[in-house]
Every structure is written in C-alpha cells, then in structure tokens.
Amino acid sequence: MADLLDQGIASLAKSLARKEISSVELTKTYLSRIAAHNPGLNAYVTVTAEQALAQAATADAARARGTAGPWAGVPFAHKDIFCTQGVRTACGSRMLDNFIAPYDATVVERMRDAGLVMLGKTNMDEFAMGSSNETSWYGPVRNPWNTDLVPGGSSGGSAAAVAAHLCPAATATDTGGSIRQPASFCGLTGIKPTYGRVSRWGMIAFASSLDQAGVLTRSAEDAAILLQTMAGFDPRDSTSVDLPVPDYLAGLGQSLRGLRIGVPKQHFAQGLNPEVERLIRSALAEFERQGATLKEVSLDNSHLSVAAYYVIAPAEASANLSRYDGVRYGYRCDKPADLEDLYKRSRAEGFGAEVKRRIMVGTYALSAGFYDAYYIKAQKIRRLIKNDFDRAFSEVDVIMGPTSPHTAFALGSKSKDKDPVAMYLEDIYTIAVNLAGLPGLSIPAGLLNGLPVGLQIVGPNFAEDRLLNIAHQFQLATDWHTRTPGVAAASRGDR
Ligand code: GLN
C-alpha cells in the first residue's frame with residue numbers, strides 16, 4: 001500500500017481497473033495521510049472526507065458494474081479558487097471565509113463527471129495574488145522539501161499537497177505564473193493552458209484576461225490526463241474557445257527529432273542563479289541528444305512584462321473585486337452605522353494588505369486622467385510582447401528557459417510588506433506568457449542543494465499537446481520528476 005502513494009493518476013487508474021485496490025481504500029489512505037501531515041504543511045484549508053468517501057464508493061460501484069470511466073475513483077484536490085457546490089470556497093480570503101458556493105465551476109463539474117474523487121480544497125494566496133502563499137488568510141503553506149521555505153504561489157497549497165503525497169494531483173490557476181512557479185519550487189509538472197482552452201466559469205476572478213486553470217501533477221502523462229478532462233468549450237464562459245480538444249494522451253509518443261527550440265537570451269541574463277542556469281542548460285542538452293536543435297531568440301520587450309502586468313492585473317482585479325461589498329455575500333462587518341460604513345468596514349476588514357494594494361493601484365490606473373498614461377500604455381506593451389512571441393514562433397517550435405531565477409526562498413524573506421516589488425519580480429520569466437495568452441509548462445529539471453529547479457516550455461496558441469509530449473519525452477529519459485521530498489519518503493511507513 002505504501003507504494004501507492006508514490007503513484008500518479010495513470011498508474012493509480014490501472015491499479016483500480018485491475019481491482020488491486022478500491023477507490024474507498026485509496027481515498028482512506030490519502031485521508032489518513034492528510035490528517036497526519038497537513039497540520040505541518042497547511043496545504044489543505046478544507047478536507048471533504050465524507051464527500052470523498054461517498055464519491056469513492058460511487059466509483060467503486062460503477063467499476064463493479066463495468067460502467068466506470070478510465071479515471072473513476074482516482075483522488076485529487078481542487079485549489080480553493082474553484083467554486084464547489086455545498087463546500088466552502090474561500091479563495092484564501094477572510095472575505096469569503098463564510099462562502100459556501102451554490103454551484104460547481106465547470107472544471108469541478110467535468111472532473112466529477114469523470115469520476116475523480118475530490119479530497120479537499122487547497123490553500124492559496126488571497127485571491128491568487130502572490131508568489132509565496134504568504135498572503136493567505138489561512139496562513140502560509142510550507143514547502144515539503146524544506147519547511148522553512150515557501151512552496152511558491154499562488155497555487156502553493158496544491159503544489160505542497162502533491163509534492164508531499166497528500167494527493168496524486170491537484171488543480172491550480174495561473175494569472176502570471178501561479179502554476180509554473182510553484183511547480184518549479186516543489187519539483188512538479190505544471191501546465192498553464194492557452195487562454196480560452198479551459199473554462200473560467202465558476203473560477204473566482206482575479207484578472208479575467210489573464211486567468212487560466214490548469215494542473216499540478218507528478219508527470220506530463222498525468223497532466224495530459226487531467227487537462228483532457230478539464231479542457232474544451234463552455235458556452236457559460238464567453239472567452240472559452242470553441243476548438244476541438246486533441247487526444248493529449250495519444251499525442252505523447254512523438255520523437256523530438258527536428259524540434260526547433262528557441263532559447264530567449266533575456267531569460268539567461270543578469271539575475272539568474274548560475275547554478276540554475278547550469279541545470280537548465282544540461283536539460284537543453286538532453287533535448288539536443290533527442291534530436292532537437294537550439295536557436296537563440298530575442299524577446300525584446302520582456303523587460304517590460306512585469307511592469308505592464310502590474311498595471312493590467314490590478315486594473316482588472318479592482319473591477320472584479322468591487323462585487324465584495326458586504327451586502328450580497330461574503331464578509332460583513334459587525335454593526336455597521338450606515339450603508340457607507342458597511343461598505344468601507346466590510347472591505348477594510350475582509351481584504352488583506354496585498355489585495356488592498358492591488359485594488360488601489362488598479363483603481364488609480366483606471367481613473368480619469370491616468371487611464372491613457374497607465375492602462376492604455378500597458379495594453380500597448382502587451383501587444384508588443386505578443387508580437388515578440390509571434391516573431392520567435394516563426395522560427396522555432398517552442399521556447400525554453402528557467403521557470404524561476406532561483407530555487408524556493410525562505411518564508412518571510414520577501415515579505416510583501418517589506419518590498420512588494422521583490423515579490424513581483426518572482427514571475428519575471430512567466431508573466432509575459434500570460435500577457436500573450438500562450439500555453440506554458442514547467443517540469444523538474446534538476447536539484448540544486450537538494451531543492452527542485454524547473455524548466456519552462458512555452459508554445460504557440462493551443463500547442464498543449466506539443467508541450468506535453470516534449471515534457472513526456474524528457475521524463476522518459478530523466479528521473480527528476482520522480483524525486484520526492486523527505487516528507488513523502490520518510491513518512492510512508494506512518495502514512
Ligand atoms: N505572482 C503574480 C501575482 O501576484 C501571479 C499570481 C498568479 O498567477 N495568480 O499577481
């Protein structure tokens with residue numbers, strides 16, 4: 001049974017299909033591991049044990065009847081940004097601490113329909129604003145590789161839960177890097193699909209033109225399986241794209257011979273830890289061994305991406321978060337004197353410091369007189385950034401580089417109140433991908449002083465199948481993705 005916890009979605013599904021284990025047994029194994037290890041990591045904010053066991057029993061019954069789908073009965077976790085009917089959906093915020101979602105997000109619905117078993121909801125930065133999971137109302141998440149370090153953010157709870165084997169996989173979202181950076185810090189595979197590939201319906205909005213749902217897993221194969229269940233057109237999301245979803249799993253067998261890899265010089269410049277660079281270059285050499293060629297490309301405007309993002313994302317956040325007014329749902333202050341006091345105090349007490357900072361920046365950037373100077377300017381830069389990628393993709397098939405300039409950093413070391421910009425620079429290699437709407441993936445590519453280092457692979461629109469196959473070919477030839485932190489290995493006996 002111990003080895004079960006090392007398995008990902010694909011192999012657990014095989015064990016279930018062969019009836020070597022039931023979904024109820026598997027779910028119980030995970031629930032007891034969560035009970036033992038979550039208190040130290042704070043990866044889950046809600047554990048839905050009863051519902052999980054009921055879903056598992058349903059999956060077992062379907063399997064006994066021969067009507068179960070291929071992934072039925074496999075457990076996983078949802079980031080607490082996805083609305084889950086009847087279950088608290090707090091988005092890392094005091095504002096939504098009392099919010100029981102009245103409906104399921106499309107992603108939640110599709111995964112439930114596939115028979116997957118939700119173990120619970122994972123911790124995250126408040127409203128997905130952050131890169132360290134330290135802005136959560138529920139407290140920080142600890143990195144299973146070293147509990148003095150952050151797991152990355154904003155999907156830090158999902159990343160820590162998968163890395164510590166508190167679930168085999170989890171959903172996540174990425175507005176500027178929140179899937180790929182935690183994947184890098186926790187030694188996981190994480191994919192942010194093309195904007196529009198996965199429905200945002202029922203996913204609590206941060207910056208609507210940038211937000212995209214994806215997954216954190218232990219392999220590209222597992223990411224292919226879960227993305228398949230999530231992706232596809234949804235008429236309830238007006239930005240969802242009506243394009244057929246390729247068979248991601250079937251696409252995993254392609255040779256990389258002739259693949260043209262672009263290496264952006266701006267991602268290997270000042271600020272990159274030289275040891276991270278060495279590991280990324282040796283990953284690139286593995287692709288060359290498999291028959292790919294490397295070509296330097298230039299993303300000329302990439303130095304503007306963080307600045308443009310921190311105008312556009314707060315502008316959209318300030319509009320999206322105006323709905324939390326203390327009247328309709330969410331936090332309401334005690335004994336308001338009048339309506340204005342109700343608005344003011346509910347928002348003052350319900351939101352944390354980083355969220356307030358974004359609302360103020362965004363409101364300022366959108367206000368009359370500043371709109372042209374900031375918001376319109378940032379949108380123009382966004383177009384230039386997209387043009388850089390288009391130019392690069394006329395010469396190469398994918399772009400590769402480090403996901404983050406360094407490995408996981410110490411809790412409290414980049415505290416948002418000391419220097420918010422230091423935290424904002426965390427997403428230096430990932431943010432442009434969201435501004436351009438492109439798919440991006442991070443895979444483990446080495447260990448530096450015992451900590452994971454992530455390789456980022458970016459493709460043209462809707463090239464998820466290409467990215468997943470490239471990641472899979474790398475994982476067939478290397479074993480970085482199979483490395484696990486001490487907590488996952490050492491605690492197997494005690495689960
Ligand atoms: N770290 C970035 C921010 O704070 C991106 C977060 C995200 O992708 N959700 O906005």
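Order of listing sets the numbers, starting from 1, for every ligand and every atom in it.
- Atom 5 (C) of ligand 1 has its closest protein heavy atom at Tyr309 OH, 3.3 Å.
- Ligand 1 places these atoms under 4.0 Å from at least one heavy atom of Gly176: 5 (C), 7 (C), 8 (O).
- In terms of N/O distances under 3.5 Å, ligand 1 is not approached by Met129.
- A salt bridge does not link Arg112 with Glu109: none of the charged nitrogens is closer than 4.0 Å to a carboxylate oxygen.
- For ligand 1 and Asp174, the ligand atoms under 4.0 Å from any heavy atom of the residue are 8 (O).
- Taking a cut-off of under 4.0 Å to the non-hydrogen atoms of Ser154, the atoms of ligand 1 that pass are 9 (N).
- Assignment of Tyr424 to the shell around ligand 1 is not supported, since no heavy atom sits closer than 4.0 Å.
- Taking the ring centre of Phe268 as origin, the terminal cationic atom of Arg281 falls inside the region bounded by 6.0 Å and 45° from the ring axis.
- For atom 7 (C) of ligand 1, the nearest non-hydrogen atom of the protein is Ser178 OG, 2.4 Å.
- Considering Arg358, Lys192, Met423, Gln212 only, the shortest heavy-atom separation from atom 4 (O) of ligand 1 involves Arg358.
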**OP:** Take Tyr324 and Phe127 through the test ring pair (Phe, Tyr, Trp, His ring centres under 6.0 Å) and record every step on the way to the result.
**Re:** CA-CA 12 Å; Tyr324 305 107; Phe127 285 102; 5.2 Å; yes
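- Summary of contacts: the protein heavy atom closest to atom 1 (N) of ligand 1 is Asp427 OD2, 2.5 Å.
- Within the structure, ligand 1 has Gly130 among the residues with a heavy atom less than 4.0 angstrom away.
- Counting only N and O atoms by type, the side chains of Ser132 and Glu426 include no donor and acceptor under 3.5 Å apart.
- Between Ala128 and ligand 1, a contact under 3.5 Å exists for at least one N or O pair.
- Counting atoms of ligand 1 from 1 in the listed order, those under 4.0 Å from a heavy atom of Tyr310 are 1 (N), 2 (C), 3 (C), 4 (O), 10 (O).
- Partner of Asp174 under the salt bridge (Lys or Arg N to Asp or Glu O under 4.0 Å) criterion, chosen from Arg200, Lys192, Lys79, Arg180: Arg180.
- Atom OH of Tyr374 sits in a sparse spot, with 12 or fewer heavy atoms from other residues, nucleotides or ligands closer than 6.0 Å.
- Within the 4.5 Å cutoff, side-chain heavy atoms of Ile470 are placed close to those of Phe287.
- Of the candidates Thr84, Thr89, Asp113, Thr84 is the only one forming a side chain to side chain contact (heavy atoms under 4.5 Å, CB included) with Val108.
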